[in-house]
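In what follows, residues are counted from 1 in the order of the sequence shown.
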Amino acid sequence: QVQLVESGGGLVQAGGSLRLSCAASGRTFVNYAMGWFRQAPGRERELIAVINRSGGSTYYADSVKGRFTISRDNAKNTVYLQMNSLKPEDTAVYYCAATLGYKRAVRNEYDYWGQGTQVTVAS
């Protein structure tokens, strides 16, 4: 069982950058693969990035590939999403989530969710 809290969202101009953080509770963070999702009003939730337990394998949705980078610091129980070259279409609530295994993560099978943080990109 794990609790997740996102932070770092806000309002930025198109072309700008933000770094989101997701802090996990407990001492078993290293056991979880982690994912970042986003959801805009009236749209489906979208899986945008995944990282495995060690940080050696990652996955990105085509919509963010080359612009976003997922990373983790297991000593700090934290996963990050560095977002560069932001576009208005990136505007959404961003969620982090945890699951036991990289294969489950890329299949969009998650067990624990944070509450989300709002990212708004102005044109």
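Between Val93 and Thr117, the closest side-chain pair of non-hydrogen atoms is not below 4.5 Å. Considering only heavy atoms from C-beta on, Leu81 comes within 4.5 Å of Phe68 through its side chain. You'll find the side chain of Arg104 reaches within 4.5 Å of the side chain of Asp111, heavy atoms only. With a 4.5 Å cut-off on side-chain heavy atoms, Trp36 and Val79 count as touching. In this structure the side chain of Leu100 reaches within 4.5 angstrom of the side chain of Asn31, judged on heavy atoms. Annotation: side chain of Leu18 is in contact with side chain of Val119 (closest heavy-atom distance under 4.5 Å). Here the side chains of Ile70 and Tyr80 are not in contact, with every heavy-atom distance at 4.5 Å or above. Contact annotation: the side chain of Thr69 approaches that of Tyr60 to within less than 4.5 Å [non-hydrogen atoms, C-beta and beyond].
Side chain of Asn52 to backbone of Tyr102: no donor-acceptor contact under 3.5 angstrom is found. When atom types are taken as modelled, the side chain of Glu6 and the backbone of Gln115 share a donor-acceptor pair closer than 3.5 angstrom. Proximity of a side-chain donor or acceptor of Tyr94 to a complementary backbone N or O of Gly8 within less than 3.5 Å is not detected. Judged by distance alone, with hydrogens and angles left aside, the side-chain atoms of Arg38 form no donor-acceptor pair with the main-chain N or O of Ala92 at under 3.5 Å. In this structure, the side chain of Arg72 does not engage the main chain of Val30 through any donor-acceptor pair within 3.5 Å. At distances below 3.5 Å, at least one donor-acceptor pair connects side-chain atoms of Thr78 with backbone N or O atoms of Lys76.
In plain terms, the two heavy atoms of Leu20 and Met83 that are nearest each other are CG-CE, 3.8 Å. In plain terms, the two heavy atoms of Ala97 and Tyr110 that are nearest each other are CB-CD2, 3.4 Å. Heavy-atom minimum distance, Ala98 versus Leu4: N-CD1, 3.8 Å.
No more than 12 heavy atoms of other residues, nucleotides or ligands shown are found within 6.0 angstrom of CD on Gln3.
We find the OH-CD1 distance between Tyr59 and Ile48 to be 10.0 Å, quoted to the nearest 0.5 Å. Atom-to-atom distance recorded for Leu47:CG and Ser63:OG is 9.5 Å, nearest 0.5 angstrom.
A cation-pi arrangement is present between Arg45 and Phe37, with the terminal nitrogen or guanidinium carbon under 6.0 Å from the aromatic centre and inside a 45° cone about the axis.
Side-chain heavy atoms closer than 4.5 Å link hydrophobic residues (I, L, V, M, F, W, Y) into clusters, and following such links, even through other members, never connects Tyr95 to Phe29.
Here Ala33 pairs with Thr99, Ala105 under the side-chain contact (heavy atoms from CB on, under 4.5 Å) rule; sequence neighbours left out. In this structure Arg53 satisfies the salt bridge (Lys or Arg N to Asp or Glu O under 4.0 Å) test with no other residue, sequence neighbours excluded.
In this pair, Tyr112 and Tyr32 present their aromatic rings perpendicular. The plane angle is above 60°, beyond the 30 to 60° band.
Between Asn84 and Ser17, the side chains place a donor N or O and an acceptor N or O closer than 3.5 Å (distance only, hydrogens not considered).
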Stepwise side chain to side chain donor-acceptor pair (under 3.5 Å) check, Ser71 with Gln82: CA-CA 8 Å; Ser71 62; Gln82 178 67 46; over 6 Å; no
Full working for salt bridge (charged side-chain N to carboxylate O under 4.0 Å, His left out) between Asp90 and Lys87: CA-CA 5 Å; Asp90 295 319; Lys87 306 173 181 179; over 6 Å; no
